[in-house]
Amino acid sequence: MRAVRAELSKLSTLPSVWLAALLAVVVPTGIALLNRGVAGPDRGYQELAFGVMGVIVLGVVAVSSEYLAESADSGGGRQLTTSLAAVPSRLRFLAAKALAVVLVAVPLAFTAAAATMGVVQARLDAGRLAGVVCYWTYTALLAFAITVLLRHGIVPLTVLLVNTSVVSVTFLLTKVTPLANYFPDMAGVRMFVGKVANDDVSISPLVGLLVMSAWVAGLLVLAGAVFARRDA
Amino acid sequence: MWSGRPAGWLGGVITIDGLVKRRGGKEILAGIGFEARPGRVTGFLGPNGAGKSSTLRILLGLDRAQAGTALVDGVPYPALPDPVRTVGAVLDGSGAHRSRTGRAHLRWVARSAGLPPARVEEVLTLVGLADAAGKRVGGYSLGMGRRLALATALLGDPSVLVLDEPLNGLDPEGIRFVRTFLRDRAQSGRTVLLSSHLMGELAETVDDVVVIDHGRIVAKGTLAEVTGAHRNLEDAFFALTSGSGR
């Protein structure tokens, strides 16, 4: 499909996507190196749960690059105008872009998982690996959908990155209400992490998959509906 | 729908009818209509804020109208089977991301339309941007950005060109280039629709004139018809839009 090839071409020529790819591999392996002494059944998987910054950047910039305005001196244009002139169907455009993000996120997740498990010298379990790849891809799509809704990269980038690294707001919320365990990130990591730090709710990998799938599907549908109606 | 047309007819009739656009309770277009025909340069003239850009954005499917239609050969832009080969558009700025090179920008557009990479080099040469093709768009001057936008519009060698303020910010050489280029385009049987608030710059370029003010068409016809008894197009324009307080 030509629209998907065009979107892949856009991603591969955007410097911030290469930064995202670098982050995707360096962050989880870096955390794994720092945590070398820590033992446990979730070795490596914990790191892969925290190390999703790369795909967050990927999902955000894939969309925010369309909305980035040129300086007023250069006419204040945006790439989105060119994109929709080339692919005028809003939904086809958005679907092609989402698919391109998935096509980049999946190999990144495999690479990061292989590198991280290599560092911790643990065997990769096929089921949990599938969970990692799914979690990373879904996280990229969540970032993607939120950025479509906001039309700007800074806020989703900051909020999502801070939530996975500095202060996990969704994790802190689980102290307030057990319902917070059903946020997409909290539920999604259950696909491959057995025990989330002192948790009191048990969510099976399958339920984790279903809950995160529902979030991603819901936000993508919302983003598509808003994007199709809104003036570009 | 193609029967009865002369051989070599490229198509490309733009028909705008009854367009209404409201934004935040403000009426931007109050049911405007006009036509732009093949083989002619149509100047869509009006003061800043008159509704020119809104009309062109609706024509290209970027903005939605509350009522009315904007069609190319009887079809709304988003429904065209091959939009890049039918209509080329030059709107604000370059329409390219600043961290990509000019060539990389043209390449992805070419990919989306199934055009060969060789076509990218052709349009780069055509607009005189071949030397700067490997530079990042962020380092382009305004004039270079406009040339890149024009190159993008020409990728599919479309039968229709739509340009929003194509002369804005161009140096005299750039203005001359765009004028000559658009005249040649019309000469070869294609449709050119351009908007501008600069009357003096355009009188020698346009065949037909549509004047918009406060979201309403105040005059349309050939250059001679719209100029009428006035000394020139500029005088006619100010007479027609004098009520606008500008």
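Sequence lines set the chain letters: A, B, ... in the order given, protein chains first and strands last, and positions in each chain run from 1.
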Peer 1: In this structure, are over 12 heavy atoms from other groups packed under 6.0 Å from B/Arg216 atom CZ?
Peer 2: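 Counting other residues, nucleotides and ligands, CZ of B/Arg216 stays at 12 neighbours or fewer.
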
Peer 1: Might you confirm whether atom CZ of A/Phe50 has over 12 heavy atoms from other residues, nucleotides or ligands at distances under 6.0 Å?
Peer 2: no

Peer 1: For a 4.5 angstrom cut-off between non-hydrogen side-chain atoms, does A/Thr81 reach B/Arg57?
Peer 2: yes

Peer 1: Looking only at non-hydrogen atoms, find the nearest pair between B/Asp63 and A/Arg90 and report the distance.
Peer 2: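 Minimum heavy-atom contact is N-NH2, 4.4 Å.
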
Peer 1: Anything in residues 82-103 of chain B with a heavy-atom distance to chain A below 4.5 Å? Please list those residues in order.
Peer 2: B/Asp82, B/Pro83, B/Val84, B/Leu91, B/Asp92, B/Gly93, B/Ser94, B/Gly95, B/Ala96, B/His97, B/Arg98, B/Ser99, B/Arg100

Peer 1: In terms of heavy-atom contacts, does OH of A/Tyr67 have more than 12 from other residues, nucleotides or ligands at under 6.0 Å?
Peer 2: yes

Peer 1: Chain B heavy atoms under 4.5 Å from A/Ser83: which part of the residue, side chain, backbone, both or neither?
Peer 2: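 Both backbone and side chain of A/Ser83 come within 4.5 Å of chain B.
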
Peer 1: Strictly less than 4.5 Å between heavy atoms, which residues of residues 106-120 of chain B line up against chain A? Please order them by number.
Peer 2: B/Trp108, B/Val109, B/Arg111, B/Ser112, B/Ala113, B/Gly114

Peer 1: Report which part of B/Arg146 has an atom under 4.5 Å of a heavy atom belonging to chain A: side chain, backbone, both, or neither.
Peer 2: neither

Peer 1: Check this for me: B/Arg64, atom CZ, are more than 12 non-hydrogen atoms of other residues, nucleotides or ligands nearer than 6.0 Å?
Peer 2: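 Yes.
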
Peer 1: Among A/Leu84, A/Val87, A/Leu14, who wins on heavy-atom pairs under 4.5 Å with chain B?
Peer 2: A/Leu14

Peer 1: Non-hydrogen atoms of chain B under 4.5 Å away: do they reach the side chain of A/Ala69, the backbone, both or neither?
Peer 2: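 Answer is backbone: N, CA, C or O of A/Ala69 sit under 4.5 Å from chain B.
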
